[in-house]
Amino acid sequence: MYQLKKLNNGLTLITIPLPYLDSVTTMVAVEAGSRYENKKTSGLSHFLEHMFFKGSIKYPSTQEIANLIDGIGAVNNAATDKEVTYYWIKSDASHIDLASDILSSQLKESLFNPEEIDREKGVIIEELRMYKDNPARYVWQLFERLIFGDTPLGWDIGGTDTTILSFKREDFLSYINSLYDPSKMVLVYAGKLPDKVEELAEKYFGDLNKNSHHQYKSFHPLRQTEPKVDFCYRKTDQSNLVLGVLGYARNNPKKYAAQLLGTILGEGMSSRLFIQVRERRGLAYSVFAFHDSLADTGFFSVYAGLKKDKTLEGLEVIKAELLRTTIEKVTDEEL
């Protein structure tokens with residue numbers, strides 16, 4: 001069972017004791033992501049995530065942080081999404097203090113050295129190119145741009161070459177001051193926890209700087225009267241396809257039925273799309289469906305990596321299975 005508590009500065013603490021483990025994961029999640037950006041700051045959330053690993057007052061270099069993490073056999077990483085950014089370290093339970101100290105130092109006193117910022121620009125641009133060169137991943141960027149349009153939800157989380165090259169130290173400091181407020185952050189400890197874990201949280205995270213937190217613009221879909229289509233032509237041996245519709249927001253109770261429908265259609269070897277597209281026709285190796293929710297919207301989608309000369313056939317099979325769900329009830333046995 002987890003326990004939830006608010007620290008004095010407004011930070012939410014979630015503790016998940018798993019005493020049968022020898023490890024502990026320390027994670028900080030922030031209500032900050034790419035949908036909080038504008039045209040000029042597109043990609044800043046993700047860039048900031050990178051910069052938190054580039055040195056702080058207490059741990060002044062990437063190398064020092066990496067040596068400490070590797071030296072205790074721990075692993076660490078971070079990720080940026082549209083609505084949240086999170087940072088974590090998984091270590092032996094005896095090193096929970098060090099993990100907390102490193103993460104809190106990154107949040108409170110990162111250096112944002114201009115030379116490191118300029119060096120990291122090249123790293124991030126190569127990361128963007130890597131994703132663009134992966135058709136099975138890039139097709140999702142095209143789909144999100146198509147379904148959400150020219151809005152922060154439709155933009156690439158990583159930004160563009162132009163925006164990345166424009167960022168300066170002041171941009172990162174301004175971004176932190178406008179979003180990284182403890183009342184919009186969550187600290188999670190999961191694993192073999194010490195008895196005084198709440199005191200530990202207060203010690204390292206109780207003095208996080210209080211900042212403002214601006215709200216993003218709500219998503220308002222435009223009226224759509226006909227299908228939207230986008231293409232990206234590449235010399236590949238496979239066609240990657242996403243077919244989808246807008247779905248339900250995170251607090252909409254209908255999202256559970258949509259998630260279950262995704263399981264029926266495209267999760268597991270007994271799902272309808274797996275059987276029809278892969279097993280019976282051999283048109284794809286990977287095919288799946290799912291529903292994903294955001295704060296005020298969502299989408300339901302089907303993905304398939306199809307034989308190039310069978311793309312239209314695969315699309316017709318997928319469409320037929322989707323149509324079937326609108327005219328036939330799911331059987332009790334299948335449900």
### Task
May I ask you to check whether Tyr131 and Tyr138 place their ring centres under 6.0 Å from each other?
no

### Query
Does the pair Glu334/Arg272 count as a salt bridge with the N-to-O cut at 4.0 Å?
yes

### Query
When you check the gap from the basic side-chain N to the acidic O, do Lys184 and Asp181 get nearer than 4.0 Å?
no

### Query
Are any of the side-chain nitrogens in Lys5 or Glu198 under 4.0 Å away from the carboxylate oxygens of its partner?
yes

### Phe299/Phe143 aromatic ring centres below 6.0 Å
yes

### Message
Tell me if the centroids of the rings in Phe290 and Trp140 come within less than 6.0 Å of each other.
### Response
yes

### Query
Applying the side chain to side chain contact (heavy atoms under 4.5 Å, CB included) test to Ile96, which of Asp101, Thr25, Val24 qualifies?
Val24

### Task
Return the set of residues passing ring-ring contact (aromatic ring centres under 6.0 Å, His included) with Tyr36 (not counting sequence neighbours), or none when no residue passes.
His213, His214, Tyr216

### Message
So that I can tick it off, tell me whether Lys308 and Asp237 are bridged by a salt bridge, with the cut-off set at under 4.0 angstrom between side-chain N and carboxylate O.
### Response
no

### Query
Using 4.0 Å as the upper bound for N to carboxylate O, is an ion pair formed by Lys82 and Asp292?
no

### Message
Under the rule for ring-ring contact (aromatic ring centres under 6.0 Å, His included), what residues qualify as partners of Tyr180, not counting sequence neighbours?
### Response
Phe52

#### Entry: Thr41 and Asn38: CA distance, side-chain angles, deciding distance, side chain to side chain donor-acceptor pair (under 3.5 Å) verdict
CA-CA 5 Å; Thr41 60; Asn38 55 46; 3.1 Å; yes

#### Entry: Exam field: side chain Glu83 to backbone Ala295, donor-acceptor pair closer than 3.5 Å
yes

### Task
Spell out, as yes or no, whether a donor-acceptor pair under 3.5 Å connects the side chain of Arg145 to the backbone of Asp150.
no

#### Entry: SB check Asp296 Arg35 (cutoff 4.0 Å)
yes

### Thr85 and Glu49: CA distance, side-chain angles, deciding distance, side chain to side chain donor-acceptor pair (under 3.5 Å) verdict
CA-CA 7 Å; Thr85 305; Glu49 170 215 314; over 6 Å; no

